[in-house]
Amino acid sequence: MESRDAELIAAVLQGDAASFEPLVEKHSPRLFATARRYARREDEVQDIVQEVWLKAYQKLASFRGEAPFEHWLMRLAVRTSFDFLRRHQRNRESSFSELSEPEADWLDRFVAEPEAAPEDAEAARLLINRVLAELSPPARLVITLLELEDRSVKEIARLTGWSVPLVKVRAFRARAEMRKILARLARDKYL
Amino acid sequence: MKINELERKLIAAARAQAPSEAVPYAFEKRVMGRLSSAPVFDPLADWSSALWRAAAPCVAVALVLGVWSAFRPEAAPASNDFAQQLDSVLLGGITQDGNNTW
């Protein structure tokens with residue numbers, strides 16, 4: 001753990017609440033980036049990060065300092081984001097028939113010539129966001145951590161609090177769920 | 001449509017889109033404001049509120065048991081002399097084998 005973090009945490013635990021503010025200032029950017037993976041609206045992102053900090057403050061005494069403070073915070077952020085996904089899982093299943101024009105064009109291009117469809121196109125990003133929003137909360141979490149953030153199964157287990165076999169099972173199911181959604185996307189668009 | 005290839009492309013698109021680390025202006029002040037207004041953990045208050053919450057179910061259980069014991073059907077009449085019952089149980093073995101020598 002960085003010594004500056006350690007000093008600030010020790011001060012907060014001794015009753016100096018103001019020492020918490022530099023910690024919030026320093027670590028909020030990473031928390032915002034994490035929360036933006038799971039929530040689209042900016043007010044929801046801010047709510048998630050604020051909740052992470054409130055939990056961090058309340059549980060600060062349980063932080064043992066064996067790992068960096070940022071790792072401990074990331075665990076809180078991932079678990080809070082997962083809770084957010086579970087609370088907002090209504091209306092997940094929607095039709096892909098209302099794709100925007102760039103999304104539809106990108107798909108047409110992909111169908112005509114898969115290699116020609118650019119991966120860095122804004123339309124592809126809109127499409128993947130649409131697909132991710134359709135996933136169940138555990139599937140979305142595991143796909144985000146495993147595929148988008150390139151984390152290992154062990155790391156995911158540590159972040160989520162799930163066992164390693166559970167992460168593997170959920171990753172397998174998440175991939176199957178994603179392929180099912182993509183198959184539905186193809187069906188809605190071309191059949 | 002090649003679903004696996006589409007999945008690979010879309011995942012690559014998502015990877016290429018690193019989420020922004022931008023923090024809203026004065027966010028840390030807002031968090032500190034929330035912390036100062038957040039209720040402080042008080043074990044005594046929590047304990048007393050838990051007791052109050054448990055009071056109603058306890059009263060309900062006591063009432064149900066009271067009503068049940070007042071109106072339950074009369075059990076078969078038992079011998080009303082406890083001392084006599086105890087004697088017969090304790091001395092049963094002796095009197096059965098007919099070896100009552102005193």
>> I need the contact set between residues 56-67 of chain B and chain A: heavy-atom distance under 4.5 Å, sorted by residue number.
In response: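 So no residue qualifies.
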>> For residues 160-170 of chain A, which residue pairs pass the side-chain hydrogen bond (donor to acceptor under 3.5 Å, both in side chains) check, not counting sequence neighbours?
In response: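 Residue pairs passing side-chain hydrogen bond (donor to acceptor under 3.5 Å, both in side chains), neighbours aside: none found.
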>> Tell me which pairs pass side-chain hydrogen bond (donor to acceptor under 3.5 Å, both in side chains) where either residue lies in residues 8-25 of chain A, with sequence neighbours left out.
In response: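 Checked against side-chain hydrogen bond (donor to acceptor under 3.5 Å, both in side chains) - neighbours excluded - the pairs reaching residues 8-25 of chain A are A:D16-A:S19, A:E21-B:K29.
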> Which residue out of B:N4, B:I11, B:L6 racks up the most heavy-atom pairs below 4.5 Å with chain A?
Replying inline: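 Sorted descending by pairs with chain A, the first entry is B:L6.
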> Which residue out of B:E28, B:K9, B:R8, B:E5 racks up the most heavy-atom pairs below 4.5 Å with chain A?
Replying inline: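 So the answer, after comparing B:E28, B:K9, B:R8, B:E5, is B:K9.
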>> Heavy-atom cut-off 4.5 Å, strictly under: side chain, backbone, both or neither for A:L23 against chain B?
In response: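 Neither part.
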>> Heavy-atom cut-off 4.5 Å, strictly under: side chain, backbone, both or neither for A:E149 against chain B?
In response: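 No part of it gets close to chain B.
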State plainly whether the residues [X] and [Y] are in salt-bridge range, i.e. N to O under 4.0 Å.
X	Y	result
A:K55	A:E51	yes
A:R36	A:E42	yes
A:R175	B:E7	no

> Who in residues 104-113 of chain A is close to chain B, using a strict under-4.5 Å heavy-atom cut-off?
Replying inline: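 The list, in residue order, reads A:W106, A:L107, A:F110, A:V111.
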> Taking all non-hydrogen atoms of both residues, which atom of A:A35 and which atom of A:V49 are closest, and how far apart?
Replying inline: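 Heavy-atom minimum between the residues: CB-CG2, 3.9 Å.
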